[in-house]
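This report refers to the structure that appears directly beneath it.
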Amino acid sequence: MACMKLGSKSEMFYLYGQSWLCSTGLPSDIIIEIGNTSFHLHKFPLISRSRELESLMREVPCEPDKSVLELHGLPGGAKAFLHVAKFCYGVKMELTASNVVGLRCAAEYLQMSENYGEGNLIMQTEKFLNHVFGYWTDTLVALKTCEEVLPMAEELHIASRCINSLVLKVADQSLVNLPVSSGPSVAQSPEDAQVWNGISLTPKASGEDWWFDDVSSLSLPLYKRFIGGASARNIKPNRIAGSLVYYAKKHIPLLGSQTSSQSGNSSSLKSSLSTPSEADQRNLIEEIVELLPNEKGIAPTKFLLGCLRTAMALYASSSCCSSLEKRIGSQLDEADLEDLLIPNIGFSMETVHDIDCVQRMLDHFMIVEHDLIDTTSNDIEEDRQIVGSSQPLSPMAKVANLIDSYLAEVAPDVNVKLPKFQSLAAVIPDHVRTLDDGLYRAIDIYLKNHHWLTDSEKEQICRLMNCQKLSLEASTHAAQNERLPLRVVVQVLFFEQLKLRTSVASWFFASDNVENSQNLNANLPLIRNDGSIPHNPVVAFDNMKERVAELEKEYLSMKQDLEKMMKSKRGWNVLLRKLGWKPVPKPSNANVSKPCRKSKISPATTAQMEEKAMEVK
């Protein structure tokens, strides 16, 4: 802590009740009252250093006992005037970072300039202030004391100079100096860190976030000015956003309970602070959101969702909530499902979760990603087919999976209306989903908890999914799902059979190529001159036959399931005849184990099946 000693005389002031007395041996001739405190002093030492006191004492009527002068408007109050009195009497006093701002303002108020004595208090405090600005910790302490002497500290530009000094040190870490020390004794701690009088002398400025905790101790008005200065100095937006996140988590208890990723150090500091009122928290979160840089991804999505949840709970302004929704929407692909389950605290409270809020965020995400979807959707789909599952998911694909999971979470709510469910699910384009299993699961849960839906409404919600994009497990489940409309189940069965026949045909085509290549490779050793041994396709062909046998078993299993369902639902017979399907007797075990004979499926047969499926639709 920076310190400067003024005066040479020993202490001659002592407190008696609410009065300060001076033990000079001479009776006091003036009483100065500041608040509830009175000072029994002498006129001469005071008027010799202060023009204001000289002017006021001329106007004070002479009382038989003592003259009384009231200075209730003195910046710094009685505490600052005690130091002023000591300075006027030449008594030893210390200038520190915690009292220099108050003394500088009091000296200005009392007009203690060089015209009333060389080395007067204005010059001494100004000199020490410039010394304080060279040190991070002392400047921070001085800035905090500015709030005690407003507006004088603003008129003297002390607060702005403190903020400018702090911003310069954040911008250039090499300017960060340690607190001033005047003692030569330096001891080594067990961790080999230098300490003096319990103060660590090891520089703590390491990393880009070293200043987050220090500036978080500032009040909101001063902190806003500091962030404004940092932005003007072109501090990196991610550092500014990091400081804002730290400040918000520390001072908004409701937000701290939403985001549990806070470090232990800040949590302990937060617990020591008094809990602010809801009005203060609401004002703080609105200010924090307004101060956040506009760059996409500058703040963690988890933090933004926590802010939105807290803002809604505190009934923050609509502009604040709208800004948060747009920020979250632009980076919705980074959100987690649990953070997206925002409780509905609106006036209607029709649903458990705020689905309209998620709808707005999703709509904004689609607006931001619209151009990217149009230009790269085909390329992404081609790349995904080439590299398979190794290709990382695109932001659109991540959001599609997220929304499907969200729909499954809100589907059990009986108050979720069909149009609202459809509206949210239909935002994602069909080409984005490689599989519709997640959407099918959400639809199935919705149908289970909304059993009163009509057949027309059930078919309407089932149109959201593409039966051709269901996996084998999902198709098997759908084929036995009595909650689905009959038309949908038939479509699922048809497409699965079509996939099976196409797969079998492709394997037969591949086996023919293998036989041809085997005959060709028999003569290759006679042609090759490099001495290499040609690949033997026999093993690959055997694997193909095994795969064909497996596909046959899957096909027969689906046929058996279909026959069971035909027995329970008579109306299917007419529909199945339209598709050209006839009951087939169950094959014996000997027939199942035999591989099917090689027969190619004509393209005409496949086309006819597709036409019949379209008729069903």
Side-chain angles (χ1 to χ4, degrees), residues 252 254-261 278 282 285 289 299-367 395-396 398-428 433 436-453 457 460-461 464-465 483:
I252 305 177
L254 287 176
L255 179 60
S257 63
Q258 300 290 345
T259 54
S260 59
S261 59
E278 289 191 0
R282 178 170 57 251
I285 200 168
V289 171
T301 308
K302 187 179 186 68
F303 167 76
L304 294 175
L305 282 165
C307 282
L308 179 58
R309 201 184 279 237
T310 305
M312 290 179 173
L314 294 172
Y315 297 99
S317 64
S318 58
S319 60
C320 174
C321 295
S322 177
S323 176
L324 284 169
E325 288 175 358
K326 290 180 180 179
R327 288 179 183 273
I328 297 168
S330 65
Q331 54 194 69
L332 190 60
D333 55 299
E334 300 175 3
D336 294 328
L337 175 60
E338 59 179 356
D339 298 321
L340 210 60
L341 297 173
I342 303 173
N344 193 350
I345 56 177
F347 295 104
S348 60
M349 295 185 64
E350 295 179 354
T351 57
V352 176
H353 299 97
D354 197 337
I355 302 176
D356 293 334
C357 175
V358 177
Q359 178 81 56
R360 291 190 294 269
M361 291 188 289
L362 180 59
D363 290 340
H364 186 73
F365 174 82
M366 296 303 299
I367 293 174
M396 275 295 304
K398 291 180 181 178
V399 171
N401 294 337
L402 178 65
I403 295 301
D404 291 347
S405 300
Y406 180 81
L407 288 170
E409 289 292 330
V410 302
D413 188 356
V414 295
N415 292 322
V416 177
K417 305 301 182 184
L418 179 60
K420 185 170 292 188
F421 186 93
Q422 286 180 296
S423 176
L424 188 60
V427 175
I428 305 296
R433 294 186 177 96
D436 275 14
D437 288 13
L439 183 56
Y440 165 69
R441 175 173 172 266
I443 292 174
D444 184 44
I445 296 174
Y446 187 85
L447 293 176
K448 181 179 179 181
N449 292 273
H450 298 74
H451 50 81
W452 56 83
L453 293 178
E457 290 174 331
Q460 188 178 356
I461 193 174
L464 294 170
M465 65 178 177
R483 288 185 289 271

Separation between CD1 (I342) and NE2 (H353), nearest 0.5 Å, reads 9.5 Å
Practice item. Could you tell me whether the side chain of S323 and the main chain of C320 form a donor-acceptor pair under 3.5 Å? Key: no
Would you say Q331's side chain and A299's backbone share a donor-acceptor pair under 3.5 angstrom?
yes
Of all heavy-atom pairs linking I345 and Y315, the shortest is O-OH, 4.0 Å
* Check: H450 side chain, D413 main-chain N or O, donor-acceptor pair, under 3.5 Å -> yes
- Verdict with supporting geometry, V410 and Y446, side chain to side chain contact (heavy atoms under 4.5 Å, CB included): CA-CA 8 Å; V410 302; Y446 187 85; over 6 Å; no
- request: Without swapping roles, check the side chain of S322 against the backbone of S318 for a donor-acceptor pair under 3.5 Å.
  value: no
Checklist entry - Around K420, counting heavy atoms of other residues, nucleotides and ligands shown, do more than 12 lie under 6.0 Å from its NZ? => result yes
| message | Determine whether a donor-acceptor pair (N or O, by modelled atom type, separation under 3.5 Å) exists between the side chain of N449 and the backbone of I445. | response | yes
Subject >> Under-4.0 Å salt bridge between D404 and R433 >> reply: yes
P395 and F365 have their tightest heavy-atom pair at O-CZ, 3.8 Å
Requested in this report: Would you check if the side chain of T310 reaches a backbone N or O of G306 as a donor-acceptor pair within less than 3.5 Å?
Outcome: yes
So SG of C307 and CD1 of I328: to nearest 0.5 Å the spacing works out to 8.0 Å
To the nearest 0.5 Å, atom CZ of R309 lies from atom CG of L340 at 9.0 Å
task = Please step through side chain to side chain contact (heavy atoms under 4.5 Å, CB included) for the pair M361 and L308, ending with a clear verdict.
result = CA-CA 11 Å; M361 291 188 289; L308 179 58; 4.2 Å; yes
All heavy atoms of A425 vs all of L439, minimum pair found to be CB-CD1, 4.1 Å
> Would you find more than 12 non-hydrogen atoms of other residues, nucleotides or ligands less than 6.0 Å from R360 atom CZ?
Replying inline: yes
With L407 as partner, the option from L424, L464, L402 fulfilling side chain to side chain contact (heavy atoms under 4.5 Å, CB included) is L424
Between C357 and E325, the two heavy atoms sitting closest are SG-OE2, 3.5 Å
Rounded to the nearest 0.5 angstrom, the OG1-CG distance for T351 and N344 is 4.5 Å
Side chain to side chain contact (heavy atoms under 4.5 Å, CB included) between K448 and R483, intermediate numbers included: CA-CA 7 Å; K448 181 179 179 181; R483 288 185 289 271; 3.8 Å; yes
One should read off an interatomic distance between Q422 CD and E457 CD, to the nearest 0.5 angstrom, of 8.5 Å
Looking only at heavy atoms, the pair that brings M312 and D354 closest together is CE-OD2, 3.9 Å
Correct closest heavy-atom pair for A311 and L324 would be CB-CD1, 4.2 Å
In this structure, CZ of F421 is separated from CD of Q460 (nearest 0.5 Å) by 12.0 Å
Q. How far apart are the C-alpha atoms of L332 and L362, what are their side-chain angles, what is the distance that settles it, and do they pass the side chain to side chain contact (heavy atoms under 4.5 Å, CB included) test?
A. CA-CA 7 Å; L332 190 60; L362 180 59; 4.1 Å; yes
> Between the side chain of R282 and the main-chain N/O of L314, is any donor-acceptor distance below 3.5 Å?
Replying inline: yes
Q.
Using only atom types and a distance under 3.5 Å, with no angle test, would you say the side chain of Y406 pairs donor to acceptor with the backbone of E338?
A. no
Review point. Does the side chain of M366 reach to within under 4.5 Å of the side chain of M396, using non-hydrogen atoms?
Key: yes
